[in-house]
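Sequence lines set the chain letters: A, B, ... in the order given, protein chains first and strands last, and positions in each chain run from 1.
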Protein chains: 2
Amino acid sequence: MKFKPQYCQVQDALSILVGKWKPIILLHLMSEGTMRYGETKKALVGITPKMLTSQLRELEEEGLISRKLYPEVPPKVEYSITEYGMTLEPILVAMHDWGTKHVIRKSEM
Amino acid sequence: MKFKPQYCQVQDALSILVGKWKPIILLHLMSEGTMRYGETKKALVGITPKMLTSQLRELEEEGLISRKLYPEVPPKVEYSITEYGMTLEPILVAMHDWGTKHVIRKSEM
DNA sequence: CTGCATCCGGGGGGATACTG
DNA sequence: CAGTATCCCCCCGGATGCAG
């Protein structure tokens with residue numbers, strides 16, 4: 001094994017992904033490319049506007065996604081993943097694979 | 001891209017790894033195999049006994065690590081990673097790789 | 001040596017209502 | 001359409017002290 005835990009930056013990756021909706025937002029943007037606010041809201045069943053906005057803002061501040069505002073009426077905002085955001089793909093893929101293989105049976109608890 | 005976000009279990013993996021010290025504890029146990037309580041405490045600079053215990057307990061409850069108590073005086077407790085815990089290795093490796101490549105410059109902020 | 005008990009503060013996240 | 005504004009609760013994580 002080639003870990004050097006003492007120099008471990010695992011926490012950095014984790015801190016970026018922590019947030020109830022962040023990983024799934026990133027996955028959506030990775031596969032869809034670009035999505036509008038309402039589009040994302042429909043995709044994330046159960047999310048409140050406040051949460052969606054805050055999660056998007058934090059992802060944007062980290063440089064993982066970009067926000068493009070069209071000065072129109074009605075308003076139009078598009079979110080897309082950045083190159084930097086794409087670097088997280090291997091992690092999300094690993095988590096996605098793990099999640100599908102090791103389904104947690106919380107419904108039985 | 002082969003994601004199906006609507007069936008996404010990414011959150012499951014994330015929820016298991018969330019905890020200030022969990023990833024690094026798992027990495028240590030993955031590389032060392034077995035560690036005593038005090039050994040782990042020395043490895044995790046700055047952790048308090050309470051936190052170490054709580055994180056270990058939660059990892060144990062998830063079935064990721066196992067706890068072996070030796071009824072001796074003084075007490076001796078050994079923690080080791082389980083097979084189930086090892087299934088998280090790809091995720092932690094991915095996060096570790098990402099972390100070392102994309103070092104976050106928070107010290108400059 | 002390996003914990004548990006207690007007190008405490010901050011913030012992530014939920015529900016609901018309102019706005020340019 | 002794309003968000004704000006408020007209120008509120010839970011629980012993570014820190015500090016300190018005690019115990020078998």
Side-chain angles (χ1 to χ4, degrees), chain A residues 8 10-26 28-29 32 34-62 64-81 106 109, chain B residues 8 10-26 28-29 32 34-62 64-81 106 109:
Chain A
C8 186
V10 170
Q11 210 58 46
D12 293 336
L14 196 63
S15 66
I16 275 184
L17 292 174
V18 167
K20 188 167 182 182
W21 304 88
K22 287 184 188 178
I24 199 168
I25 290 175
L26 289 173
H28 270 103
L29 288 178
E32 301 288 324
T34 294
M35 294 179 80
R36 296 188 56 174
Y37 180 90
E39 222 177 332
T40 314
K41 184 157 164 39
K42 261 182 294 183
L44 306 177
V45 182
I47 196 171
T48 60
K50 169 193 166 184
M51 280 311 301
L52 180 52
T53 301
S54 75
Q55 301 284 292
L56 288 170
R57 287 284 183 284
E58 292 176 20
L59 291 172
E60 190 191 357
E61 284 172 16
E62 294 288 347
L64 301 173
I65 65 176
S66 68
R67 178 177 186 270
K68 182 164 186 181
L69 167 67
Y70 296 83
E72 308 171 354
V73 178
K76 176 180 173 184
V77 181
E78 279 183 354
Y79 293 91
S80 56
I81 194 140
K106 288 183 181 171
M109 302 172 66
Chain B
C8 187
V10 170
Q11 210 58 46
D12 293 335
L14 196 63
S15 66
I16 274 185
L17 291 173
V18 166
K20 188 168 182 182
W21 304 89
K22 287 184 188 177
I24 198 168
I25 289 176
L26 289 173
H28 270 103
L29 288 178
E32 302 287 324
T34 294
M35 293 178 80
R36 295 190 56 178
Y37 180 88
E39 220 178 335
T40 314
K41 184 156 165 40
K42 259 183 294 183
L44 306 177
V45 182
I47 196 172
T48 61
K50 169 192 168 185
M51 280 311 300
L52 179 52
T53 300
S54 75
Q55 300 285 291
L56 288 170
R57 285 286 181 282
E58 292 176 21
L59 290 172
E60 190 192 356
E61 284 170 17
E62 294 288 348
L64 301 173
I65 66 175
S66 68
R67 178 178 185 270
K68 182 165 187 182
L69 168 67
Y70 295 85
E72 307 173 354
V73 177
K76 175 179 172 183
V77 182
E78 280 184 354
Y79 294 92
S80 56
I81 194 140
K106 288 183 179 170
M109 300 173 69

Original post:
Closest nucleotide of DNA chain C for B:R36 versus for A:W21: which of these residues is on the 5' side?
Top reply: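 Its nearest nucleotide lies further toward 5', so the answer is B:R36.
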Original post:
Can you name the side chain to side chain contact (heavy atoms under 4.5 Å, CB included) partners of B:T48, sequence neighbours left out?
Top reply: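 Partners of B:T48 under the side chain to side chain contact (heavy atoms under 4.5 Å, CB included) test: B:K50, B:M51.
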**OP:** Using the test side chain to side chain contact (heavy atoms under 4.5 Å, CB included), find all partners of B:P49 that sit at least two apart in sequence or belong to another chain.
**Re:**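 Expected list: B:Y37, B:K41.
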[X]: partners by side-chain hydrogen bond (donor to acceptor under 3.5 Å, both in side chains), with sequence neighbours left out:
X: B:S66; value: B:S80
X: A:S54; value: none
X: B:E78; value: B:Y70
X: A:R57; value: none

Subject >> B:L56 side, atom CG; B:M35 side, atom CE - distance, nearest 0.5 Å >> reply: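 Between B:L56 CG and B:M35 CE, I get 10.0 Å after rounding to 0.5 Å.
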Original post:
Rounded to the nearest 0.5 Å, what separation is found between the CD1 atom of B:I65 and the CD1 atom of B:I81?
Top reply: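 Rounded to the nearest 0.5 Å, the CD1-CD1 separation comes to 8.0 Å.
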**OP:** Check salt bridge (charged side-chain N to carboxylate O under 4.0 Å, His left out) between B:E58 and all other residues, then give those that pass, not counting sequence neighbours.
**Re:**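 By the salt bridge (charged side-chain N to carboxylate O under 4.0 Å, His left out) rule, B:E58 matches B:K22.
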Is the closest side-chain heavy-atom distance between [X] and [Y] below 4.5 Å?
X: B:I16; Y: B:L59; value: no
X: B:L29; Y: B:L64; value: no
X: B:I24; Y: A:V10; value: no

**OP:** Go through the steps to decide whether B:K68 and B:T34 satisfy the test side chain to side chain contact (heavy atoms under 4.5 Å, CB included), and finish with yes or no.
**Re:** CA-CA 10 Å; B:K68 182 165 187 182; B:T34 294; over 6 Å; no
**OP:** Take the C1' atoms of the five end pairs on each side of the helix from C:dC1-D:dG20 to C:dG20-D:dC1, get both axes, and report the angle to 10 degrees.
**Re:**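 End axes: 50° apart.
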Original post:
Under a 4.0 Å heavy-atom cut-off, which of residues 37-59 of chain A touch DNA chain D?
Top reply: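 Result for residues 37-59 of chain A: A:Y37, A:G38, A:P49, A:K50, A:T53, A:R57, sorted by number.
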Original post:
Of the residues in residues 70-78 of chain A, which ones touch DNA chain D at a heavy-atom distance under 4.0 Å?
Top reply: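 Nucleic-acid contacts, sorted: A:P74, A:P75, A:K76, A:V77.
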Original post:
Can you give the first and last nucleotides of DNA chain C, 5' to 3', that have an atom under 4.0 Å from a heavy atom of chain B?
Top reply: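 Reading along DNA chain C, I get C:dC1 to C:dC7.
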**OP:** Mind running side chain to side chain contact (heavy atoms under 4.5 Å, CB included) on A:V18 and B:L17 for me, showing each step along the way?
**Re:** CA-CA 10 Å; A:V18 167; B:L17 291 173; over 6 Å; no
Original post:
So where does chain A start and stop touching DNA chain D, 5' to 3', when the test is distance under 4.0 Å to a non-hydrogen atom?
Top reply: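 Going 5' to 3' along DNA chain D, contacts run D:dC1 to D:dC7.
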Subject >> Distance-minimising heavy-atom pair for A:R67 and A:Y79 >> reply: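 Minimum heavy-atom contact is NE-OH, 3.3 Å.
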